[in-house]
*Asks:* 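Handing you this structure, nothing more for now.
Start at 1 with the first residue, then count along the sequence. Here the structure is a predicted model, which is why all the values come from computation and not from measurement.
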Amino acid sequence: MTTLRIAQLANFVGPVSGGMKVAIDALGKGYVAAGHERILVIPGPKDHITESESGITVEIAAPRVPAGYRMIATPWRALDVLDRFHPTSIESSDKWTLTPAAGWASRRGIGSVLFSHERLDDMLAMWVRRQFGVAAAVGALNRRLSKSFDIVVVTSDYSAGEFADTGARLVKVPLGVDLQTFNPDKRQTGLSTPRSDGLLRLCYVGRMSHEKSPQLAVAAAVELHRRGVPLRLDMYGVGPDTEAMKKQAGDAPVFFNGFVKGRDEVARRFAAADISMSVCPAETFGLASLEALACGTPVVTANRGGAHEIVDVTSGEAGSADADGLADATERLAARLGPDLRMAARRRAEQFSWSASVEKMLAIHSEIAARPGRKPYWKQKLKDRHAARRGVDDPLAPHDEHIDDLQERR
């Protein structure tokens, strides 16, 4: 087996990041478990390198941006890291400052993958509250990205939509779920659904920021409360829109619980609910939906977006992305609650595994790593020779004989 050296790059990854971080980590661990080498390049508060059983993580000092994330403002420093690591392919989860990595890879004959975690046209339209001009700007960006990267990976048909007519070579790779951590066993033994007190227990797990549409979950709860439905909505997560949503909730029984630490505890919160509200119409996949289903908790989604493709008629309900539509969907699903529905939700989640996602991604990386490449820059060859003469102990440097052979052929 030829050992691959896969470089993953991402912005907006931090201690409280959500689905994108989970996906990047799960794929990276899968690459290493399959016998390959992996480096992850992300922003951080300072320059820092760590090595673990999941590979090498390089943090590049980066400024904070709105919503509490960090973004690498000096992309050439990320490219310097790649020069030292000598990847056989790169996988970028960023459409902003790290896109120069595609040109870096092309000049060296190295394969490149853009992993599209968000649908920019819909996401930006939600931020600016208008469609005019957004589609044209995003279309131009996506055409440029499609030409720059060898392959664009999308996670759903909805996610693929923004790359229509761009010339991109699209490959659909659905994400997976940790079926051990997110499991019906996390629900208290003997707890009925619905419970005997007649209270409908809803939950929302995700970032409290407009692009994730948590306000739609609150709006649905407010509408259900107005209709006289006994309920409790627990909101789990942090973000800039929290205070605004507290005002939005008014006297409705909506409770903001803040950040939940640990995946096991998140699973317990999902499992304790009767219904999970995963209602963002611009979600490209809906990892939170899948985690809820894995816990046996049925899901209400918007009637468009990636989550709607995951949650089928056996495991949830969908409604228009407004208070009335989602409240209607919640009432329909509440009428179906019971052990059979929870078992159906779990069966649906079992159709999505990280092993399948890793296998598809490794097939992509293997293909593009096998392409004949150009020779690396003469300056870089000199740097490599000087480092070798000095005997520099560099954790980023190639050390696998298969990789050395591949580099020599290049």
*Asks:* In chain order, what residues pass the side-chain hydrogen bond (donor to acceptor under 3.5 Å, both in side chains) check against Arg227, with sequence neighbours excluded?
*Replies:* Glu223, Asp328, Glu331
*Asks:* Going by salt bridge (charged side-chain N to carboxylate O under 4.0 Å, His left out), name the pairs with one or both residues in residues 134-147, residues two or more places apart or in two chains.
*Replies:* none
*Asks:* Applying side chain to side chain donor-acceptor pair (under 3.5 Å), which residue pairs with at least one partner in residues 40-49 are found, sequence neighbours left out?
*Replies:* Asp47-Arg77
*Asks:* Please report the closest heavy-atom contact between Gly55 and Val32, naming both atoms and the distance.
*Replies:*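 Heavy atoms only, the tightest pair is N-CG2, 4.1 Å.
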*Asks:* Does a side-chain heavy-atom distance below 4.5 Å link Leu145 with Thr166?
*Replies:*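 When only atoms from C-beta onward are counted, Thr166 and Leu145 do not touch, as no gap falls below 4.5 Å.
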*Asks:* Output all residues satisfying side chain to side chain contact (heavy atoms under 4.5 Å, CB included) with Glu265, sequence neighbours left out; order by chain, then residue number.
*Replies:* Val260, Arg268, Arg269
*Asks:* Could you pull out all residues at least two apart from Val222 that satisfy side chain to side chain contact (heavy atoms under 4.5 Å, CB included)?
*Replies:*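 Scan of Val222 (side chain to side chain contact (heavy atoms under 4.5 Å, CB included), adjacent residues dropped) gives Val218, Ala252.
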*Asks:* Considering residues at least two apart in sequence or located in another chain, which fulfil the side-chain hydrogen bond (donor to acceptor under 3.5 Å, both in side chains) criterion with Asn303?
*Replies:*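 Expected list: none.
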*Asks:* Under a 4.5 Å cut-off applied to non-hydrogen side-chain atoms, are Ser54 and Lys29 in contact?
*Replies:* yes
*Asks:* More than 12 foreign heavy atoms under 6.0 Å from CG of Asp197: is that the case here?
*Replies:* yes
*Asks:* Side-chain donor-acceptor pairs under 3.5 Å in residues 97-105, sequence neighbours left out?
*Replies:*
unit_1: Thr97; atom_1: OG1; unit_2: Asn11; atom_2: ND2; d: 2.9
unit_1: Thr97; atom_1: OG1; unit_2: Ile72; atom_2: O; d: 2.7
unit_1: Thr99; atom_1: OG1; unit_2: Trp96; atom_2: O; d: 3.1
unit_1: Trp104; atom_1: NE1; unit_2: Asp83; atom_2: OD1; d: 3.1

*Asks:* Answer whether the closest heavy-atom distance between the side chains of Ser93 and Gln8 falls below 4.5 Å.
*Replies:* no
*Asks:* Look only at the side chain of Lys95 and the backbone of Ser116, and say whether a donor-acceptor pair between them is shorter than 3.5 Å.
*Replies:* no
*Asks:* Sorted by first residue and then second, give each salt bridge (charged side-chain N to carboxylate O under 4.0 Å, His left out) pair with at least one member in residues 54-64; sequence neighbours left out.
*Replies:* none
*Asks:* Residues two or more places apart in sequence or in another chain: which of them pass side chain to side chain contact (heavy atoms under 4.5 Å, CB included) with Arg232?
*Replies:* Leu199, Asp234, Phe255
*Asks:* Hey, can you pull the donor-acceptor pairs under 3.5 Å for the side chains in residues 270-287, sequence neighbours left out?
*Replies:*
unit_1: Asp274; atom_1: OD1; unit_2: Thr193; atom_2: OG1; d: 3.0
unit_1: Asp274; atom_1: OD2; unit_2: Arg201; atom_2: N; d: 2.9
unit_1: Ser278; atom_1: OG; unit_2: Ser289; atom_2: OG; d: 2.5
unit_1: Thr284; atom_1: OG1; unit_2: His117; atom_2: O; d: 2.8

*Asks:* For residues 357-366, which side-chain donor-acceptor pairs fall under 3.5 Å, sequence neighbours excluded?
*Replies:*
unit_1: Ser357; atom_1: OG; unit_2: Pro174; atom_2: O; d: 2.7
unit_1: Ser357; atom_1: OG; unit_2: Gly176; atom_2: N; d: 3.4
unit_1: Ser357; atom_1: OG; unit_2: Ser353; atom_2: O; d: 3.4
unit_1: His365; atom_1: ND1; unit_2: Ser89; atom_2: OG; d: 2.6
unit_1: His365; atom_1: NE2; unit_2: Glu91; atom_2: OE1; d: 2.8
unit_1: Ser366; atom_1: OG; unit_2: Leu362; atom_2: O; d: 2.8

*Asks:* Is the closest basic N to carboxylate O distance between Lys246 and Glu243 below 4.0 Å?
*Replies:* yes
*Asks:* Can Leu179 and Trp354 be said to form a side chain to side chain contact (heavy atoms under 4.5 Å, CB included), step by step?
*Replies:* CA-CA 9 Å; Leu179 292 168; Trp354 279 121; over 6 Å; no
*Asks:* Would you verify whether the NZ or CZ of Arg207 falls within 45 degrees of the ring axis of Phe12 while also being under 6.0 Å from that six-membered ring's centre?
*Replies:* no
*Asks:* State which residues pass side chain to side chain contact (heavy atoms under 4.5 Å, CB included) with Asn183; sequence neighbours excluded, sorted by chain then number.
*Replies:*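 Side chain to side chain contact (heavy atoms under 4.5 Å, CB included) check on Asn183 returns Asp185, Arg346.
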